[in-house]
Amino acid sequence: ALQDLKAEGKSVVGTFCTYSPKELIYAAGAVPVSLCASDEGPINAAHAELPRNLCPLIKASYGYAVTKKCPYMNASDIVVGETTCDGKKKMYELLAKYKEVRVLELPNMTNKRSLELWTQELREFKSYLEQRFGAKITDEKLKETIELFNEERDALNELMELGKLNPTPISGSEMHQVLFASDYIYDKREKIRMLRSYVKALREKDMSGAKRKKRIIITGCPSGGIYEKVVKQIEELGADVVAFENCTGTKNFKNNVETQGDLVANIAERYLKIPCSVMYQNDARSDIIKEFIHEYQAHGVIDVVLSGCHTYAIETNKIKEASREAGANYMSLETDYSKQDVGQIRTRLEAFIELLG
Ligand code: BJ8
């Protein structure tokens, strides 16, 4: 599908983070694609330049630039990054050898001054996109795009909210697969239509006789690369994953962009609300965890930390506290993209699920 779009003359913009303001890219007539790698295959190729103890997501993503084996990376005309964690920031410097890279200065805080800086950064990014792709991002075009993305976020929220049903008509691994794969459907209207008819069918599914299981929320680092050994194993052990508080899940689609007034400022405001651990005093994440434990009637929270991700590792105590306050058990799980710890993780998951009663 991406090749067809390229053949039609569309430009492709590779992104690495949920903070990438996709509405601006789309309104410039380009297609945003995610380049966050989720498999260990290309990691070795990155080791010549990146330290071994760096987060696997960064190494694998960079490895794909080196090996040129990722069709999405290969198709990208430019790559957009943000100043999030140190590892990503420094990786973008190296990536510039392979791709035109534009790094947006994302502030480290979420206060008024940070919002002003971020808004200004997005105004400059808008001009850069206009120039780079010879496009004019009119207010009308931007509003239309924002409305489309808001609808897409609503549809994704509706999908995740199926997890609030008890018993839930969708398994966590199905939900994860749909959330992950739907990111690669480029016809947004078609994607919204597909998601809505899928959700409707699941809401109408006959669940009488279905067993109620122990319910778990996954939080922490993006889960694309650890889905098999965490999400699937949880289900094999008889529990359900009912929600994803991460960038595969709710961080990607919680909060819409206001469609009245200064549209670029509205986009900046929506994206700065993403509760990522890279932010100083990221209290919003604890609040969401507490809210989710009640709304999804969760018995447990599993906080996934990719090895080498300091910001999520440091937040584990805070999330543990929030989980316990809201009445759920908590476990933090540090892992990477390798298969070496599959057995060890299974043992820990088994013990945790047993603890849920
Ligand atoms: S908004 S979670 S996509 S920064 S796991 S590379 S933080 S060392 S992926 Fe992330 Fe944006 Fe935040 Fe989401 Fe660094 Fe941590 Fe690795 Fe990470």
Side-chain angles (χ1 to χ4, degrees), residues 14-22 32-40 42-43 46 50-65 72 79-95 103-110 114 118 121 153 156 176 179-180 183 218-227 230 244-255 267-268 270-286 288-289 302-316 318-319 332-338:
T15 64
F16 275 107
C17 181
T18 310
Y19 282 108
S20 293
K22 297 189 193 75
V33 295
S34 170
L35 300 182
C36 278
S38 55
D39 65 299
E40 65 169 336
I43 288 184
L50 295 174
R52 286 185 178 265
N53 61 357
L54 190 68
C55 146
L57 187 151
I58 304 174
K59 288 190 292 188
S61 304
Y62 185 66
Y64 270 133
Y72 303 101
V79 170
V80 177
E82 290 75 21
T83 51
T84 52
C85 62
D86 289 351
K88 266 189 179 167
K89 258 184 315 217
K90 301 307 280 183
M91 183 270 276
Y92 296 143
E93 291 176 8
L94 305 177
L95 192 64
V103 174
L104 306 181
E105 187 178 354
L106 178 77
N108 292 293
M109 301 192 190
T110 53
S114 301
W118 183 229
E121 190 65 7
R153 281 187 280 261
L156 289 164
H176 191 276
L179 289 172
F180 192 76
D183 213 24
I218 299 283
T219 181
C221 297
S223 45
I226 52 87
Y227 143 81
V230 179
F244 294 90
E245 193 287 312
N246 60 16
C247 280
T248 313
T250 181
K251 280 192 178 78
N252 193 28
F253 43 79
K254 195 174 166 68
N255 298 318
I267 292 174
R270 185 261 158 200
Y271 280 83
L272 203 61
K273 280 188 199 145
I274 295 169
C276 177
S277 62
V278 295
M279 287 295 164
Y280 177 69
Q281 288 183 341
N282 178 37
D283 296 330
R285 184 169 163 230
S286 306
I288 291 172
I289 286 290
I302 297 183
D303 198 353
V304 174
V305 178
L306 291 177
S307 320
C309 180
H310 302 314
T311 54
Y312 274 102
I314 291 169
E315 275 194 5
T316 53
K318 213 165 153 180
I319 300 303
S332 104
L333 202 61
E334 189 182 326
T335 186
D336 58 16
Y337 287 180
S338 77

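Sequential numbering from 1 along the given sequence is applied to the chain's residues. Just follow the structure's listing: the first ligand is 1, and inside any ligand the first atom is 1. Model, not experiment: these values are computed from the prediction.
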Can you pull out the closest protein heavy atom to [atom]? Residue, atom name and distance to 0.1 Å, please.
atom                     : answer
atom 15 (Fe) of ligand 1 : Cys309 SG, 2.3 Å
atom 2 (S) of ligand 1   : Tyr312 OH, 3.4 Å
atom 11 (Fe) of ligand 1 : Cys17 SG, 2.3 Å
atom 13 (Fe) of ligand 1 : Cys247 SG, 2.3 Å

TODO: Enter the distance from Thr311:OG1 to Asn108:CG here, rounded to the nearest 0.5 Å.
DONE: 11.0 Å
Task: Euclidean distance, Arg285 CZ relative to Asp303 CG, rounded to 0.5 Å - done: 4.5 Å
Task: Proximity of Cys55 to ligand 1 by residue part, where a heavy atom lies under 4.0 Å - done: side chain
Open item on the list: Once you restrict to heavy atoms under 4.0 Å, what part of Ile58 touches ligand 1? Side chain, backbone, both or neither.
Closed with: side chain
Open item on the list: Any heavy atom of Lys88 closer to ligand 1 than 4.0 angstrom?
Closed with: yes
Open item on the list: Please determine whether any non-hydrogen atom of Gly87 lies less than 4.0 Å from an atom of ligand 1.
Closed with: no
- [ ] Would you check if atom 12 (Fe) of ligand 1 lies under 2.8 Å from any N, O or S atom of Cys276?
- [x] yes
Task: Nearest heavy-atom neighbours spanning Leu50 and Met91 - done: CD1-CG, 4.4 Å
Open item on the list: Please report whether the ring centroid of Tyr227 lies less than 6.0 Å from that of Phe180.
Closed with: no
Residue [X] vicinity, atoms of ligand 1 by number, heavy atom under 4.0 Å:
X      : result
Cys85  : 6 (S), 7 (S), 8 (S), 14 (Fe)
Pro222 : 9 (S)
Tyr19  : 1 (S)

- [ ] With the side chain counted from C-beta on, respond yes when Gln281 and Thr110 share a heavy-atom pair under 4.5 Å apart, and no when they do not.
- [x] no
Open item on the list: With side chain to side chain contact (heavy atoms under 4.5 Å, CB included) as the test, pick out the partner of Cys221 among Cys247, Cys276, Pro56, Cys309.
Closed with: Cys309
- [ ] Please work out whether the ring planes of Trp118 and Tyr19 are parallel, tilted or perpendicular, with thresholds of 30° and 60°.
- [x] perpendicular
- [ ] Identify whether the distance between the nearest side-chain nitrogen and carboxylate oxygen of Asp336 and Lys59 falls below 4.0 Å.
- [x] no
